[in-house]
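Computed from a prediction, not measured in an experiment: that's the story for all the values here.
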Amino acid sequence: MAARRRSSSARARRPRRRRAGARNVLIVNMIPKSLSGEEHQDSEPTIAVNPANSRQIVGSAFTPDPAEGPNAPIYVSLDGGLTWTLNSIVPSTVADGSATADITVAFGSASNVLYAGIIRYPFPGDRTRLNVLRTTDVQSAEIMQVLVDRIGRGVDQPYVQADTIRRGAGKGKDRVYVGSNDFNAVAGNTATIDRSLDGGGARPAFKAVRIESRATAGQDGPTVRPAVHADGTVYAVFHAWRTFDDHTGAGTADIVVVRDDAAATGARPFTSLVDPGDGKAGIRVVQGARFNFNGYLGLQRTGGDVSIAVDPRDSDVVYVAYNADEDSVYALHVLRSTDRGRTWSRDLHHLRDALNPALAINTAGTVGLLYQQLRGAGAAQQWVTRVETTTNGTMWSALTLARTPAQIPRRQFDPYLGDYDRLMAVGKDFYGVFSASNVPRKANFPNGVVYQRNANFTTSTLLDVDGTTPVHPSIDPFFFKIAG
Amino acid sequence: MAGPRRRSEAMRDAAFVFKGTVQKVPGATMASVPVDDTTAIVRVDQILRAPEALAGLTGDVITVKLTERARPKRGEQAIFHTTGWLVGDGIAVRSLGHTDVDSAAASRAAHPRDPVAAKAARDLERHRDDADLVVTGRVTAVRMPAEPPRRAATVKARAPISEHAPAWREAIIDVHDVHKGAGSPKRLVVRFPSSTDVRWAAVPKFHPGQRGVFLLHAVAGRGVGKTRYEALHRDDFRPLDPLAQATKASRAEKQAR
């Protein structure tokens, strides 16, 4: 059995990799045609595919309401991602345009209900405002309903997942899990899962569960990611800060995985995994991973990414990806557990200067890993966005989605690409989203791309709504689907 | 259903105001819009106030979600006060109310030649009205806050560390003129976020030597009678000329009423 703990500096054998064969890949620039003139930095994208109707897909990014109204937009597709419309139904507004400071979205697996976890504008000073929202009609003009509204000392990076109970007691109810870094937690144990056992109910109750069981460096990191299995198993991975220097932003973190075997319905949720090293809840998959909260890779800020995915066929099997500073490299690692998180493999995959890992596993057991890797230097530097898949954890098949300029456009704000992107699986298909430079050049998208907005691929020029006026490049969200 | 007063206030807040002619009810210009009695196809005849993204719609037909009880009928021309809804292969907006084309409200709104500039001037005027203190001045220095966050000796003492942290700084401003607000301060301390995070990037970043108009909002002071000010809005600092232009435009509009 592989070692449970590993040093963050350990190197793995280079995994075998082959190029993907011809695959059915769809890549779509999500900016609608009627917004052809926009030049905003539409970074930090997410998507949610409705498992009950996979033609219905919702996305999000730091896209402000084009009409400058009081609500932020979500992206909606009703045709499987071919075309997209912005629907401004998220209650969040600020002087710079109605958007959010963070947003993730998820559908109940069989309820057709969309949930969103957002940092809502405005918020006072540095005390960020958590909202958990829902709608039963993503195309409606009705503003999303607020289920949770919390400020206190602030909350960071809400990350929502949901699952509909398929049988037995509670059939049809949505269990909703929102990971966040909640500064309202006492003693610095800030990694939190807000969970509701009936998110679709008339007045859903949410309970904030603190999943950090150890002393922290005053707080945990922003990334707290739940992963839900239909059998009631719920995992979460988080970036557990152990040291932190206020002046340099440098610190060390444990990569901790917690688990609950009863959908977090019990009296002590997320304590099913106990680390034999200290007897506390949560397995320290990695200890002492270095990070710098003030760090950058290219124009994208860094600070410690994590992702988690559970095999829909077998909840014993779970994969984790995380980043660590290793010398001058921002290294991405992928590990696996086959015994419900008790023990973990060595590196199954190791990538240099790659970030925004997003894991998903389809119903065939194929694991997908989305990431964005900085390659080259100077004017030729590129962000290479790829999905790699594996069926056994050792042989990885790579598919390049985009090779886009890393210095064009200039940065408007942080984050440049986003502090996360998203990959998910519905059936055997993988769906995902990433943000990248929108320069319309065929070579940038070796597996093809569809633009809704006006673009001339011969002259590599974006064009305004009139079809003639040039538009400056910017960061756009790109949806993709890889048919299984 | 909103009452008359709330509807009137909502109409004043409308970002997209246009003169339009109803083409079809019920109807929609976008396939994704569920058509019912509240959705209408409206031709945009003249734009009176608009955000940049909607400023080029003159002559186009769009979908309007009618929320008012008394809805305009096919062939009727009206001033539509709207906010955004859908942006895709077409445009759909939510009506906050409509007025007759020959109403006083219509004549007030009909003056601006540039609908985007009209909206910007309206927004700036409102922002100026909301400000507690409006001064002309010059930034003489920028410093760390007088009481920086304590180091992590105690967990409760330290401000949360988040990518959205504002990274506060203080600008010292020598005041030349006071345009609005009580007193005649010679020097001000204004707190502002130096962070480049998405939350704060558009907020003015002060540096020594900057001159202009500061539209400031008071926050609770630490000492008795000492008011502190923050700059948290993209329009909290303006070069002199655009503000003067906005004031001029505002006066002209008021005179027209």
Picking from [options], which has the most non-hydrogen pairs under 4.5 angstrom with chain A?
{"options": "G84(B), S162(B), A53(B)", "answer": "S162(B)"}
{"options": "D197(B), D235(B), T83(B)", "answer": "D197(B)"}
{"options": "A165(B), G90(B), S32(B), A15(B)", "answer": "S32(B)"}

Are [X] and [Y] linked by a side-chain donor-acceptor pair shorter than 3.5 Å?
{"X": "T63(B)", "Y": "T39(B)", "result": "no"}
{"X": "N53(A)", "Y": "N112(A)", "result": "no"}
{"X": "Y296(A)", "Y": "D414(A)", "result": "yes"}

Counting only non-hydrogen atoms closer than 4.5 Å, does [X] touch chain A with its backbone (N, CA, C, O), its side chain (CB onward), both, or neither?
{"X": "E52(B)", "result": "backbone"}
{"X": "P160(B)", "result": "both"}
{"X": "I161(B)", "result": "both"}

Could you tell me whether [X] and [Y] have their ring centroids closer than 6.0 angstrom?
{"X": "H98(B)", "Y": "H81(B)", "answer": "no"}
{"X": "F192(B)", "Y": "Y229(B)", "answer": "no"}
{"X": "W241(A)", "Y": "F291(A)", "answer": "yes"}

Can you say whether [X] sits under 4.5 Å from chain B via the side chain, the backbone, both, or neither, judging by heavy atoms?
{"X": "Y121(A)", "value": "side chain"}
{"X": "Q452(A)", "value": "neither"}
{"X": "Q139(A)", "value": "both"}
{"X": "T128(A)", "value": "side chain"}
{"X": "D137(A)", "value": "neither"}
{"X": "P66(A)", "value": "both"}
{"X": "D466(A)", "value": "neither"}

Task: Partner of E68(A) by salt bridge (Lys or Arg N to Asp or Glu O under 4.0 Å), out of K119(B), R122(B), R49(B) - done: K119(B)
Most contacts with chain B, counted as non-hydrogen pairs under 4.5 angstrom, among [options]:
{"options": "D464(A), D102(A), V465(A)", "result": "D102(A)"}
{"options": "R127(A), E44(A), R301(A), R411(A)", "result": "R301(A)"}
{"options": "V186(A), D156(A), T190(A)", "result": "D156(A)"}

Task: Residues which pass ring-ring contact (aromatic ring centres under 6.0 Å, His included) with F18(B), listed by chain and number, not counting sequence neighbours - done: F16(B), F80(B)
Open item on the list: Do H217(B) and L232(B) have side chains that approach each other closer than 4.5 Å (heavy atoms only, starting at C-beta)?
Closed with: no
Open item on the list: Are there over 12 heavy-atom neighbours, none belonging to K205(B), within less than 6.0 Å of that residue's NZ?
Closed with: yes
